[in-house]
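Numbers restart at 1 for each chain; the letters A, B, ... are given by sequence-line order, proteins then strands. Keep in mind that this is a model prediction, so the values were computed, not measured.
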Amino acid sequence: ETGVTQSPTHLIKTRGQQVTLRCSSQSGHNTVSWYQQALGQGPQFIFQYYREEENGRGNFPPRFSGLQFPNYSSELNVNALELDDSALYLCASKQGLNTGELFFGEGSRLTVL
Amino acid sequence: SQQGEEDPQALSIQEGENATMNCSYKTSINNLQWYRQNSGRGLVHLILIRSNEREKHSGRLRVTLDTSKKSSSLLITASRAADTASYFCATDARNSGGSNYKLTFGKGTLLTVNP
């Protein structure tokens with residue numbers, strides 16, 4: 001167990017809907033990053049938040065947005081869902097910006113119908 | 001885009017045998033990490049090797065890094081059925097400001113250890 005918790009664990013949405021996924025970082029960690037993992041693929045970096053500000057972004061459209069709160073928990077929001085958004089969404093936390101080990105949650109499995 | 005590419009894509013061995021997985025990457029790195037993922041679960045960090053290191057050990061794991069060939073290998077010795085999982089290599093990436101901010105993962109190797 002890493003201490004990173006994500007909710008919900010599973011959810012089903014239809015095309016065009018919006019979804020919010022939540023993540024609580026491990027105690028003492030102020031950096032949270034989000035990854036999308038399609039079936040059979042490796043995780044793809046979506047973005048990272050450090051001390052409540054977006055600190056880096058991968059190749060994802062603006063309908064993927066996020067927030068980080070003062071307690072360093074985070075949200076991932078996806079608008080106008082598409083079928084290809086079906087994936088496992090992983091949250092990971094660490095302390096600071098230096099490169100190093102990421103602590104992952106168990107993920108939120110999103111299915112878009 | 002995927003920075004690392006693991007080889008083989010799938011590997012099936014018997015308990016007690018050694019398992020070797022390889023990873024190739026394209027750009028300069030600060031470090032390379034290996035993660036493990038049980039089916040549909042979160043990733044678990046196994047080991048980190050810095051660009052100025054050539055070999056590192058952790059329990060039954062041995063990682064090598066060859067920066068001239070842009071490649072790494074993960075060796076699991078005396079494998080167990082519980083080692084069955086997907087294994088990913090991940091490389092860091094510096095943004096234009098020079099601070100490392102993301103890991104880039106390969107597609108992974110699915111290891112099956114048969115009892």
Side-chain angles (χ1 to χ4, degrees), chain A residues 1-7 9-10 23-26 29-51 53-60 86-111, chain B residues 1-7 9-10 21 23-25 27-53 56 58 61 63 85-110:
Chain A
E1 296 294 329
T2 63
V4 178
T5 58
Q6 292 187 241
S7 63
T9 55
H10 294 83
C23 172
S24 293
S25 59
Q26 182 165 308
H29 288 182
N30 54 12
T31 303
V32 172
S33 51
W34 287 90
Y35 287 80
Q36 180 196 66
Q37 186 179 23
L39 202 61
Q41 301 294 314
Q44 297 274 329
F45 176 75
I46 303 175
F47 43 55
Q48 174 174 285
Y49 279 84
Y50 171 66
R51 299 172 84 173
E53 292 193 1
E54 188 177 294
N55 178 251
R57 190 178 182 92
N59 190 25
F60 281 81
S86 295
L88 181 68
Y89 288 85
L90 295 161
C91 168
S93 73
K94 65 177 180 178
Q95 173 60 27
L97 288 175
N98 289 334
T99 187
E101 175 184 355
L102 287 182
F103 295 81
F104 281 86
E106 293 295 323
S108 294
R109 170 80 57 191
L110 171 65
T111 301
Chain B
S1 62
Q2 311 275 172
Q3 154 81 311
E5 291 290 338
E6 288 90 344
D7 170 57
Q9 291 186 339
M21 288 159 270
C23 168
S24 60
Y25 57 91
T27 63
S28 296
I29 62 171
N30 189 53
N31 67 56
L32 185 143
Q33 304 180 35
W34 285 89
Y35 286 80
R36 165 198 167 121
Q37 184 179 37
N38 287 352
S39 179
R41 307 287 300 277
L43 279 77
V44 175
H45 181 265
L46 295 175
I47 197 165
L48 179 154
I49 186 165
R50 302 193 184 282
S51 60
N52 61 355
E53 297 177 310
K56 200 163 183 179
S58 177
L61 305 180
V63 169
S86 291
Y87 292 82
F88 295 89
C89 69
T91 55
D92 67 351
R94 295 180 182 274
N95 63 4
S96 58
S99 61
N100 300 330
Y101 69 85
K102 69 174 183 178
L103 289 182
T104 303
F105 288 83
K107 293 185 179 181
T109 291
L110 176 59

* Asked: Are more than 12 heavy atoms from other residues, nucleotides or ligands located less than 6.0 Å from atom CD of A/Glu54?
  -> yes
* Quick one: are A/Pro43 and B/Tyr35 in side-chain contact, heavy atoms under 4.5 Å? -> no
* **Heavy-atom contact with chain B under 4.5 Å, split by part of A/Phe103** => neither
* **Segment of A/Leu88 engaging chain B (4.5 angstrom heavy-atom cut-off)** => side chain
* Which pair of non-hydrogen atoms, one from A/Leu90 and one from B/Arg41, has the smallest distance, and what is that distance? -> CD2-O, 4.4 Å
* Write down the atom of A/Glu101, the atom of B/Leu48, and the distance for their closest heavy-atom approach. => N-CD1, 4.3 Å
* **Interface moiety of B/Gln37 toward chain A, non-hydrogen atoms closer than 4.5 Å** => side chain
* Name the region of A/Gln6, side chain, backbone, both or neither, that has any atom closer than 4.5 Å to a heavy atom of chain B. => neither
* Which portion of B/Leu110 sits near chain A, non-hydrogen atoms under 4.5 angstrom -> neither
